[in-house]
Each structure stands twice: as structure tokens, then as C-alpha cells.
> 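This structure is in C-alpha cells; I'll ask about it shortly.
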Amino acid sequence: MAFTASTPIRKFSKTPNMAPTTRSLSFPRVIVEKDTDSEQSSSEEEENDDEERLHDEDEEENGKHSENEGQRIEEESNNKGKTPITISLKKVCKVCKRTGHEAGFKGATYIDCPMKPCFLCKMPGHTTMTCPHRVATEFGVIPASHKNTRNALLYVFERQFKPHIPPIKPAYVIPDQVNCAVIRYHSRRVTCLEFHPTNNRLLLSGDKKGQVGVWDYDKVHEKVVYGNIHSCIVNNMRFSPTNDGMIYAASSDGTISCTDMETGISSPLMNLNPDGWQGPNNWRMLYGMDINPEKHTVFVADNFGFLYLLDTRSNNRSGQAVLIHKKGSKVVGLHCNPLQPDLLLSCGNDHFARIWDIRQLVAGSSLYDLAHRRVVNSAYFSPNSGCKILTTSQDNRIRVWDSIFGNLDSPSREIVHSHDFNRHLTPFRAEWDPKDPSESLAVIGRYISENYNGIALHPIDFIDVSTGQLVAEVIDPNITTISPVNKLHPRDDVLATGSSRSLFIWRPKDDHELAEQKDERKIVICTGTEKKPKHKSKNDDSDDDSDVDKSTLTAKGILLEINSLIVLNFWLHIGGRYMNSYICMHLNPSFLVLVM
DNA sequence: AACGCATGCATCC
DNA sequence: TGGATGCCCTGCGT
């Protein structure tokens, strides 16, 4: 039915002088705006300055042309009652629609529209390229105030802190050399990740479709995905504190589930939509969720601002729903304090993170409200002392409060970091490194791309939140998608990443792997033969074996040894596309052979 | 290679 | 307060 906007433009621009000669007064005048020198036309002059009559009309093509009018064809009211059709061949900025400049990628570098404020810090006067925060993440970071006024939280915090907080910051592990295993696991984008509390190799992943993956990342071929637990987005998952084979998950389908990790057998603990779909104003979705082991309670919150409590012993609702954020707004995050079981942190779309005493959960009774300029994607107490707070807001800022006993009126630091909202991406969340005793290392994916040797890549950033310094950025040339979901391993030097539909595991390379990396192997793909191909130990590119249809490709991947089989998890670049797969194969000292 | 689409939040009135 | 509208670095399928 409708032609695409570019169709008529392309047609006219390619054949500007082929206008048919038949005239028809009934057809309006067609005006073409040529693309004059883009430099000089930066002033917003009359749109018509270079207009030119192309052709006036063509009966048989008449209808077609009318249909072809796309967005770049503007109609103007005309003195003759006919509306001339203006076709713009000028290059127009796709952001502001003005001429004289163009926004978009030039190679791997994104050129900003100069009419818009900085994409990164949102301030006018410079572009994203020249933003001072882009050069130095710690730019403009306000040092923490040393005020340590006693506040109400001190009285809530009855317990002792962990006695040992190291005075000197130990060197945290920064992945200089990382090794990345890749797997396409989900059919929709990944929304959350969770490491198993005791099994070091086990990872949970949830996706937008409601599927839950249980993944041993040393056995990538053993794929377990449960698709019948939830019907849409899995927003948060936790292991049961009393039975680490059980998974709790909160979903936008309005249920919270309890699932046996081994069997996939699941029972919904709560269903907020028992009557099914009653319109968008009635459909409840569950977002933030956390478990308080000491209180035997699952806290879960919905998209209307309400908090629900479930008892983990009976798996039943306990108490009434409490309005903890603005009525009608989404509560996206809940976190129980790791040391003080009476403290709960919530955050949501009303631009607040709030601290609660769960012994007094009544609407409006929050102990503190931490104001943000935009939606708060996440808010976490620090993992060891529970004293600090780290939040991620959609205003492109990470905020840190150094002590919940200090002045909570304003954050100790605001770190400008690119993690903008995009409706097609899972919201970014800065997460603490649970292994860092100084509680200063956090990980978060970056929205904005950087030009890495000609490829636009979106790194995963490690930020020292005590200074705002970017201490590491993790990239892989094969991962060109944005990685909003990141989780650091509670014990190992492992980072799990969810990027679009794929999952990645990053870990520092060991010496063996570094040595192997230098050995540039080639994959020889052999098809159409049952014969074992012969290979020379040198020059394996030479293709003198006529029995074998053989092509040679280089590929990048990770070698795993599983049950004495060599498994290569690899990326192939074929026909302009990257393919990810994992295969078992022979291993030859000089190259890998895959018989298909 | 160039579209089209999925669909959350801010902003406007 | 609520409905309409429009989006800036998406990602994937056609």
C-alpha cells in the first residue's frame, strides 16, 4: 500500500530529466529542492530557495505519484488552488530536520546534531563529543561532604557493623585481559541476571518474554530454559535463602513465582491479575523484588506504587499492600539492607529512592526520600556494610551516598555517565562489586558508543564511585550491542552480561589462554564429504585436496574442554553477519577442523 | 541496504 | 489528571 518515503526521492533524483511531456492541469506542480552546498545553507532560509520545476505532469503516473508522497514531500497552499508538491533533495538532519548539517554515524563515530544539548550530561553549550565528562568521568564530581550528622537511621541501625572495614583500599581486580564466552540463549532481550549463592558456575537469566534460563557457563551446550513460568518480562530474580535450588521471580505478568531450578516446576505465590486482562489501567505488573532472610519475607512491588509482602515459610501473602511510592507509579527496585534487616530501600518512577523501616510500613512513613531528577532505575545498599547507597537514574547520573548516617539531603557524589533511557533497552543499573571490601567499585553498561579502531562499541564500565573515576572499560569487538544488564560474581573474578538476546561471561585470561590467543588458529570448514580431510601442517590455506569442498575462515572464540571433547564457542563473520555457535571438533596442532 | 516494528517515559495541553 | 504525541547512538528481521 504505502510506499516508503525514500522511494519517490530516489526515483526522482536518479532520473531528474526524464519527465514525461504530457501535461495535466489537474496535477499539482512538483517542486524539487536540490541539495545545495550543505555548508552554506546552514542558515534557515526559505525552504524554497533552490526550488526548481521538475515536471508538471503525467496523467497515467498521476495516481502513483500522489501515493508516493512521503514525508519529505511537503504540500503548500498555492494561489492557483492547486497544491504544489515540494520534494526536498536537500540533506536534512534526521534529528532536527534542518539543513546544513547531518547527525548520525560517520563510520564508527556518532556526530551530534548541534541543535541539541549534550547527549551525555544534558547541558547546553557543547556536543557529546566535546563533553568534559566524556574525557574524564570524574569531571565535576562533587567530593563527599564530611558532615556526619546523626540521623534517624542511626537509631534504627541497632546492630554492629561488620567489625572489619579495611582502612586502606585494596586493589580490586580490573579485567585488563578478559576472556569472553558468548552464548545466544534467549529469544528476547535479557532483563536480569543472578548468580547462584553457592554454585560458582551457575547463573540465572531472565528475559522479556518471561523465560528463565539456568546456565552453567562451563557447560554451554547444556541449555536449560524454562518458558512456562512467566508470560512476560521477568524483572527480578532471587534464590531462596533457605533452599538454594528454589528461585523466586517477579514478572510483569503480575505473578511472583517459586520455581525448582532442577525441574522447572513452578508455583505462583501471588497473582495480581486473577481475572486476566481488564485493560491497561487494571493490569498489575511486578517489578522490584528482594528477600529478607531474617524476616522470612519476600518484598515485591508493582507498577502502581504498592509493596506486597510474602512469607517464605508459608508462601502466602502477609499483611496489606502498602503504597510506598507515588500512586500509579512503578516501583522498579527493592533492596534489603545486608546488615540491618529492618531497613528496606525502594526506588521508582516517581524520581525517588526511599528508605523504609519495615516495622513501620505505612504509606508516607519512609525514613528518607532521596530525590532524583528522573526515574530511578536502581538503588542498592552497599554489599558489606550496608552503609552506602548507589543509585542509577535516567538523568545520566550515578549517585552515591557515602553513609546512611550522614546527611542524606543530597548525594555525596553525582557521576555523569551515559546510561540513558531507551524504551527498547532494559534499564541500566549500576551494581556494586560484592567482592570489593572498600565498597567503591561498581559496574554499569554504557549507552554511548566509542570508536574502537573503526568499530562503534558500547563498553561495560567499572567505576570507582568514591572518586568517579573510570577504572576499566570492557569491550569485545564482536559485541556490538549495548549491554545494560551486568552482574559481578559474588566470589570469582567473573562478570556476567546480558546484551540484547545474548549472554556473556567475562573473566581474566589465564596464562594458558593468553598463550593460546597468540596462536592464530584457523577453522577449516569441510562440507560434502565423508572422508577425513587431509591437512598439511603448514599452509593449511592451500586447497589441493580435490575430494573436499573446503573453505577457510578465521574465527574468534573460546576453547573449552568438556568431557575430553574440545568445544569451541566461536563467532564467524560470514557475508557481513556474525554468527555465534559452539561446536565439538578435532583439534590439530595448527588448525581446527570441523566436519559438517 | 533500507525500512518497519516493538512500545516507556516526558511533555504538552 | 489524563490522553495524545514524539522520541538521539536499538536490534533484528525482512
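Labels below follow one simple rule: chain letters A, B, ... track the order of the sequence lines, proteins then strands, and each chain is numbered from 1.
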> Among residues two or more places apart or on two chains, list those pairs meeting side-chain hydrogen bond (donor to acceptor under 3.5 Å, both in side chains) that have a residue in residues 270-281 of chain A.
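Passing the test, one end in residues 270-281 of chain A: no pairs.
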> Look for any protein N or O under 3.5 Å of an N or O in nucleotides 10-13 of chain B and output each such pair with its distance, or none.
unit_1: dT11(B); atom_1: OP1; unit_2: R374(A); atom_2: NH2; d: 3.0

> Does the pair E450(A)/R446(A) count as a salt bridge with the N-to-O cut at 4.0 Å?
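A salt bridge links E450(A) with R446(A).
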> Check each of R354(A), H335(A), H325(A) against S346(A) using the side chain to side chain donor-acceptor pair (under 3.5 Å) test, and report the only one that passes.
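Checked R354(A), H335(A), H325(A) against S346(A); only one passes side chain to side chain donor-acceptor pair (under 3.5 Å): H325(A).
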> For F304(A) and dG8(B), give me the distance from atom CZ to atom P, rounded to whole Å.
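So the CZ-P distance, F304(A) to dG8(B), works out to 13 Å.
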> Within this structure, what is the CD1-to-C1' distance between I479(A) and dG11(C), rounded to whole angstrom?
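To the nearest whole Å, that distance equals 15 Å.
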> Considering every strand and a 4.0 Å limit on heavy-atom distances, what is the contact class for S449(A): base, sugar-phosphate, or nothing?
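Base, at least one base heavy atom under 4.0 Å.
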> Please give, in whole Å, the distance from dA1(B) P to F105(A) CZ?
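These atoms are roughly 17 Å apart.
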> Going through the distances and angles, do W432(A) and Y380(A) end up as a ring-ring contact (aromatic ring centres under 6.0 Å, His included)?
CA-CA 8 Å; W432(A) 296 103; Y380(A) 297 107; 8.6 Å; no
> Please list, chain by chain and in numerical order, all residues satisfying salt bridge (charged side-chain N to carboxylate O under 4.0 Å, His left out) with K487(A), sequence neighbours excluded.
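With neighbours one apart ignored, the set is E194(A), E431(A).
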> Once you round it to whole Å, what is the distance between P of dG8(B) and CG of L425(A)?
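In whole Å, dG8(B) P and L425(A) CG are 12 Å from each other.
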> At 4.0 Å (heavy atoms only), tell me whether I448(A) reaches a base, stays on the sugar-phosphate, or touches nothing.
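Base contact.
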> Determine: side-chain N/O of K106(A) to OP1/OP2 of dC9(C), distance under 4.0 Å, yes or no.
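Checking dC9(C) against K106(A), no side-chain N or O comes under 4.0 Å of OP1 or OP2.
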> Could you tell me how far apart H424(A) (NE2) and dG8(B) (P) are, to the nearest whole angstrom?
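Checked: the NE2 to P distance equals 10 Å.
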> Taking only side-chain N and O atoms of T480(A), does any of them lie within less than 4.0 angstrom of OP1 or OP2 on dG11(C)?
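So the side-chain polar atoms of T480(A) never come under 4.0 Å of the phosphate oxygens OP1 or OP2 of dG11(C).
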> Would you mind classifying the nucleic acid contact of R189(A) as base, sugar-phosphate or nothing, using non-hydrogen atoms under 4.0 angstrom?
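It contacts nothing in the nucleic acid.
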> Please check this pair: side chain of N236(A) against backbone of Y287(A), looking for a donor-acceptor N/O pair closer than 3.5 Å.
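Checking the backbone N and O of Y287(A) against the side chain of N236(A), a donor-acceptor pair under 3.5 Å is found.
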> Give a yes or no answer on whether the side chain of R98(A) reaches the backbone of C96(A) with a donor-acceptor pair at less than 3.5 Å.
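No: the side chain of R98(A) does not pair with the backbone of C96(A).
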> Can you tell me the distance, in whole Å, between the CG atom of D420(A) and the P atom of dT10(C)?
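Computing the D420(A):CG to dT10(C):P distance gives 12 Å.
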> Nearest to the I482(A) side chain among dT7(B), dC12(C), dT10(C), which nucleotide is it?
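Ranking dT7(B), dC12(C), dT10(C) by closest atom to the I482(A) side chain puts dT10(C) first.
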> Across nucleotides 1-8 of chain C, 5' to 3', mark each nucleotide with B, S or - according to how protein heavy atoms within less than 4.0 Å reach it.
------BB
> Looking at residues at least two apart in the chain, or sitting in another chain, which of them share a salt bridge (charged side-chain N to carboxylate O under 4.0 Å, His left out) with R189(A)?
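For R189(A) there are no salt bridge (charged side-chain N to carboxylate O under 4.0 Å, His left out) partners, ignoring immediate neighbours.
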> Check step by step if side-chain hydrogen bond (donor to acceptor under 3.5 Å, both in side chains) holds for H186(A) and S205(A).
CA-CA 9 Å; H186(A) 289 271; S205(A) 53; 2.7 Å; yes
> Please give the distance between the C1' atoms of dC9(C) and dT11(B) as a whole number of Å.
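About 22 Å, rounded to a whole number of Å.
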> Pairs counted only when both distances fall under 3.5 Å, Watson-Crick or G-U: show me the 5' to 3' dot-bracket for DNA chain B, [ ] for pseudoknotted crossings and | for other-strand partners.
.|||||.||||||
> Hey, does I444(A) have a side-chain heavy atom less than 4.5 Å from the side chain of F428(A)?
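Sidechains of I444(A) and F428(A): in contact.
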> Before accepting this row, confirm whether a basic side-chain N of the pair K327(A)/D350(A) lies closer than 4.0 Å to the acidic partner's carboxylate O.
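Looking at K327(A) and D350(A), the cut-off is not met.
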> Rounded off to whole Å, could you give me the CG-to-P distance for the D207(A) and dG11(C) pair?
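Checked: the CG to P distance equals 16 Å.
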> Between N349(A) and V332(A), is there a donor-acceptor pair closer than 3.5 Å when you use the side chain of the first and the backbone of the second?
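Pair absent, no side-chain N/O of N349(A) close to backbone of V332(A).
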> I need the CE-C1' distance between M285(A) and dG8(B), as an integer number of Å.
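To the nearest whole Å, that distance equals 10 Å.
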